[in-house]
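Reminder, nothing fancy here: chain letters follow the sequence lines and each chain counts from 1.
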Protein chains: 2
Amino acid sequence: MTQTIHNRAAAAGLRMTAPRRVIARVLDAADDHPDAEALHARAAAIDPRISLATVYRTVKLFEEQGILEKHAFGDGRARYEAADGGHHDHLIDMATGQVIEFVDPEIEALQEKIARRLGYRLIGHRLELFGERIED
Amino acid sequence: MTQTIHNRAAAAGLRMTAPRRVIARVLDAADDHPDAEALHARAAAIDPRISLATVYRTVKLFEEQGILEKHAFGDGRARYEAADGGHHDHLIDMATGQVIEFVDPEIEALQEKIARRLGYRLIGHRLELFGERIED
DNA sequence: ATAGCTGCAAACCTTTTGCAACCAA
DNA sequence: TTGGTTGCAAAAGGTTTGCAGCTAT
């Protein structure tokens, strides 16, 4: 982890109130891609007074600061992860739902090329692979 | 268009009732990626008795038959397009929201390779590029 | 005192579903 | 007659918001 969510949020000028500190801490501790409800459950385990509404408001705030990334893996709800500066894509295990992160410079370059060919400057992208584990 | 939605639905054994025929016709005529509400509006323009619920039930049916593809472009609602058998990805114009389709064999192959490297067999993927038009 | 933050509950939006009527086989 | 289909309205699931109270400056 380059830097904690908490530090980056504070550096961005956000008032780090008690609920926000708890939520930041939960996000820092997460090595998965929790949804709002999961974040709320984990935060409420630390301080039960924290509401789901505050979780939603806080993740939106962090997202606006570029501290957090919001993903929509097609299951209806949004899932979150710390933005590590470096970009990466996702491979989703179709059997378990587990999300694996990867980076591939070659595919990044190829996307730029495709966009340019279509007359566009590439601003962002979303790539998700769906696969099943190869047993050997 | 290889074959109409209507024909493929009938071939799949679906009872092509009047509402389903209208919805199929709307889908065949669409060259964009309409959401459920847009489909309903277009269908209702042909037969005002068609309900939104029927649109949802029908697109789900078509999707289950592999006749229709459901996309989630991150704007909260699902958007639909005829499955043309051949696969393609999307580039979304960030200024206009316009969706451009493309195919790139090189990127397809690269994805297979990445999945394999991670120990997975690639079942499917989703690739969306977000860009802005280059004015010259 | 003031501006911003919070919890609660209500509202919102998209999608799904229970139900009674309806239609085709 | 029987099972699938439809419209309507209600419900569901995820997310946002109005409001009154609270907290930190």
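A search for side chain to side chain contact (heavy atoms under 4.5 Å, CB included) contacts involving B/Ala30 returns B/Asp32, B/Pro34, B/Arg42, not counting sequence neighbours. Shown here are the side chain to side chain contact (heavy atoms under 4.5 Å, CB included) partners of B/Val99, two or more places apart in sequence or in another chain: B/His33, B/Phe73, B/Arg79, B/His90, B/Ile92. Remark: A/Glu37 engages A/Asp35 in a side chain to side chain contact (heavy atoms under 4.5 Å, CB included) (not counting sequence neighbours). Residues satisfying the side-chain hydrogen bond (donor to acceptor under 3.5 Å, both in side chains) test with A/His125, not counting sequence neighbours, are A/His87, A/Asp89, A/Gln111. For A/Arg49, the salt bridge (charged side-chain N to carboxylate O under 4.0 Å, His left out) partners two or more places apart in sequence, or in a different chain, are A/Asp47. With sequence neighbours excluded, the residues that form a salt bridge (charged side-chain N to carboxylate O under 4.0 Å, His left out) with B/Lys113 are A/Glu106. Considering only residues two or more places apart in sequence or on other chains, B/Arg121 meets the side chain to side chain contact (heavy atoms under 4.5 Å, CB included) condition with A/Glu132, A/Ile134.
The stretch residues 10-20 of chain B touches DNA chain D through B/Arg15, B/Thr17, B/Pro19, B/Arg20, each having a heavy atom within less than 4.0 Å of the strand.
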Protein N or O to nucleotides 14-16 of chain D N or O, pairs below 3.5 Å:
from: D/dT15; atom 1: OP1; to: A/Ala78; atom 2: N; distance (Å): 2.8
from: D/dT15; atom 1: OP2; to: A/Tyr56; atom 2: OH; distance (Å): 2.4
from: D/dT15; atom 1: O5'; to: A/Tyr56; atom 2: OH; distance (Å): 3.2
from: D/dT16; atom 1: OP1; to: A/Lys60; atom 2: NZ; distance (Å): 3.4

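Distance CG/A/Leu52 to CG/A/Leu39: 9.5 Å, rounded to 0.5 Å.
Sequence neighbours left out, the pairs with a member in residues 92-105 of chain A that pass salt bridge (charged side-chain N to carboxylate O under 4.0 Å, His left out) are A/Asp104-B/Arg117.
For DNA chain C, the contact window with chain B, defined by any atom under 4.0 Å from a protein heavy atom, covers C/dT14 to C/dA24 in 5' to 3' order.
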Enumerate, atom names and distances included, each donor-acceptor pair closer than 3.5 Å involving a side-chain atom of residues 53-67 of chain A, sequence neighbours excluded.
from: A/Thr54; atom 1: OG1; to: A/Ser51; atom 2: OG; distance (Å): 3.3
from: A/Thr58; atom 1: OG1; to: A/Thr54; atom 2: O; distance (Å): 2.7

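The interatomic distance linking A/Leu61 (CG) with D/dT17 (P) rounds to 13 Å, in whole Å.
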